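The chains referred to below are lettered A, B, ... by the order of the sequence lines, with proteins before strands, and numbering in each begins at 1. In this text the structure is predicted, and so the values were computed from the model without any measurement.
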There are 2 protein chains.
Amino acid sequence: MSDEQAEGGNGTKGAIVAKTLADHAYQRIRRDIVAGKLAPGSKLRLEALTKRYDVGMSPLREALARLVGDALAVIEGQRGFWVAPLSIAEFEDITRVRGLIETEAMQLSIEQGGPDWEAAVRVSYEDLSKLERKLKKKSDDALPAWEDANRRFHEALVAACGSPWLIRFRSMLYDQSERYRRISLIRSAADRCVHDEHEAIVEAALSRQVLKACRLTELHLRRTADVVREALAAEQRKRA
Amino acid sequence: MSDEQAEGGNGTKGAIVAKTLADHAYQRIRRDIVAGKLAPGSKLRLEALTKRYDVGMSPLREALARLVGDALAVIEGQRGFWVAPLSIAEFEDITRVRGLIETEAMQLSIEQGGPDWEAAVRVSYEDLSKLERKLKKKSDDALPAWEDANRRFHEALVAACGSPWLIRFRSMLYDQSERYRRISLIRSAADRCVHDEHEAIVEAALSRQVLKACRLTELHLRRTADVVREALAAEQRKRA
DNA sequence: TAAGCCATAAATTTCGATATTTTGTTGAAC
DNA sequence: GTTCAACAAAATATCGAAATTTATGGCTTA
């Protein structure tokens with residue numbers, strides 16, 4: 001776990017601390033897009049954003065350009081930037097590809113993970129469990145912390161796969177999925193018996209049962225997808 | 001093939017024609033990185049680049065920021081941009097993940113591809129074959145055209161997979177691989193009996209033999225990887 | 001209704017100012 | 001003589017503001 005260049009809490013790629021205004025803007029806007037605070041498909045008016053994030057044009061555009069590379073924003077010729085739109089079709093796609101990537105990474109991680117991996121998985125699982133109990137009792141403001149812990153937990157599981165590219169792709173898809181989850185219902189996952197699913201995955205992974213762990217992971221994704229899909233459909237019915 | 005927003009010849013993401021200076025710089029620098037004209041790991045000095053590509057700072061930085069998102073450049077705090085470095089370890093990783101993605105996309109494409117897909121595959125295969133014959137005879141300057149046709153051919157094969165994310169990932173990995181291929185030997189693939197491999201893949205794909213097509217694709221990747229690996233090793237021996 | 005035109009809004013870019021890193025030099029300590 | 005720290009100078013990256021270019025929406029006219 002010698003990581004000079006680890007990730008910064010949420011899915012923020014790059015340096016731990018933002019050394020430049022562009023970095024800082026990138027991280028904040030990224031968070032806001034993933035969280036849905038910047039509406040999917042909405043126009044990103046430059047001048048408004050300079051005020052909202054308190055930066056000049058140059059660092060702002062640089063931040064947005066990075067987000068385009070992350071598929072969280074889209075750019076069009078002389079017409080500016082938009083928040084990347086969401087669609088049910090894309091969500092299905094994301095879920096399917098995510099299954100492919102996650103299971104492959106999981107398998108490799110289980111096969112190659114050492115004691116440090118096991119320890120990291122246990123720790124992140126405990127952290128997550130703690131926050132779930134907290135969340136269960138009082139409908140708390142612990143949600144952001146839970147979301148963060150959930151991310152870390154899933155990262156930890158595949159961290160030993162030894163494939164930077166699998167990890168990169170997995171992370172991208174996780175962020176994309178997260179956008180849908182947050183839009184469709186701000187709590188969803190926390191309510192569901194997600195904890196049991198996590199527990200089962202951890203057990204299978206730590207006892208090196210590759211196939212079982214992969215199956216459970218896919219199930220986990222499918223269940224999450226079901227909730228999101230339903231919520232999105234309900235949303236559409238409401239609008240109609 | 002109704003593509004308002006197709007790719008632009010080489011692997012250039014985004015609009016067909018560059019509508020802004022930043023777009024233009026992005027495309028040119030991207031080409032140069034993939035082609036190895038900007039050396040892997042080398043520093044990208046801003047002022048030098050403004051002259052080389054004849055743009056100002058802002059569009060230049062914007063272009064580089066996009067390339068960071070593409071994993072073709074890296075950025076560090078107040079220290080600027082570098083061309084993303086190459087390493088044998090990463091090449092192995094890329095090849096492995098590429099196998100996963102390509103075969104999945106191939107399978108879906110074969111299962112779902114219609115007449116238009118078949119036609120597109122045939123056309124791109126013919127284009128490629130033509131250029132290969134041309135290249136075989138006289139050691140021509142047709143190499144860039146061959147590289148382009150090769151890209152299009154592999155794109156066409158998986159174009160019907162119906163998964164934008166598989167296509168996106170595949171394209172990223174293709175570009176990454178291309179960097180290694182071009183570094184290791186400017187001709188390589190063209191010399192090898194790559195044509196026979198392509199022919200076999202096309203036949204299997206068009207006769208809807210999923211497993212066979214996937215196996216051949218993996219073989220194709222592995223063979224290409226062997227050449228690159230050997231060339232890289234030779235390179236290292238030479239330096240030592 | 002549709003094409004042309006103008007006014008406004010917005011995106012893009014240039015350019016110079018500012019902040020940071022890198023390089024080179026000096027001098028003191030060992 | 002070598003190493004190291006402190007410092008200054010140069011190189012470089014970053015940023016902000018205003019000029020420029022392009023799109024947008026409303027209005028007129030055919």
**Request:** Begin from the C-alpha positions of B/Asp226 and B/Arg229 and carry the test salt bridge (Lys or Arg N to Asp or Glu O under 4.0 Å) through to its verdict.
**Result:** CA-CA 5 Å; B/Asp226 288 342; B/Arg229 197 174 305 133; 3.1 Å; yes
Euclidean distance, atom [atom1] of residue [X] to atom [atom2] of [N] [Å, nearest integer]:
X       : N      : atom1 : atom2 : answer
A/Asp54 : D/dG16 : CG    : P     : 8 Å
B/Asp23 : D/dT21 : CG    : P     : 18 Å
B/Lys19 : D/dA23 : NZ    : P     : 6 Å
B/Leu46 : C/dT20 : CG    : P     : 17 Å
A/Arg45 : C/dA9  : CZ    : C1'   : 9 Å
A/Glu76 : C/dT12 : CD    : P     : 10 Å
A/Lys43 : C/dA10 : NZ    : C1'   : 7 Å
A/Lys51 : D/dG16 : NZ    : P     : 15 Å

Choose from [options] the nucleotide whose nearest atom is closest to any side-chain atom of [X].
X       : options                : result
A/Met57 : D/dA18, D/dC15, D/dA23 : D/dA18
B/Leu21 : C/dA10, D/dT22, C/dT14 : C/dT14
B/Arg61 : D/dT12, D/dT14, D/dA23 : D/dT14

**Request:** Could you list the residues that satisfy side-chain contact (heavy atoms from CB on, under 4.5 Å) with B/Leu100, not counting sequence neighbours?
**Result:** A/Leu100, A/Glu104, A/Leu166
**Prompt:** If only atom types and distance count, is the side chain of A/Gln176 paired as donor or acceptor with the main-chain N or O of A/Ala71 below 3.5 Å?
**Reply:** yes
**Message:** I want to confirm an ordering. Mapping A/Gln78 and A/Thr20 to their closest nucleotides on DNA chain D, which one lands closer to the 5' end?
**Reply:** A/Thr20
**Request:** With heavy atoms under 4.0 Å as the rule, sort A/Leu60 into base, sugar-phosphate or nothing.
**Result:** nothing
**Prompt:** NA contact type, A/Ser58, heavy-atom cut-off 4.0 Å: base, sugar-phosphate, or nothing?
**Reply:** base
**Complete:** Note on DNA chain C: ranges paired as stems (three or more Watson-Crick/G-U pairs in a row, both atom distances under 3.5 Å) are C:1-30 with D:1-30
**Item:** Test: B/Arg182 and B/Glu147 ion pair at under 4.0 Å
**Value:** yes
**Prompt:** Are A/Arg66 and A/Tyr26 in a cation-pi setup, meaning NZ or CZ lies under 6.0 angstrom from the ring centre and within 45 degrees of the ring axis?
**Reply:** yes
**Prompt:** Between the side chains of B/Trp82 and B/Glu76, is a donor N or O closer than 3.5 angstrom to an acceptor N or O?
**Reply:** no
**Request:** Verify the distance criterion only: is there a donor paired with an acceptor across the side chains of B/Arg98 and B/Ser177 at less than 3.5 Å?
**Result:** yes
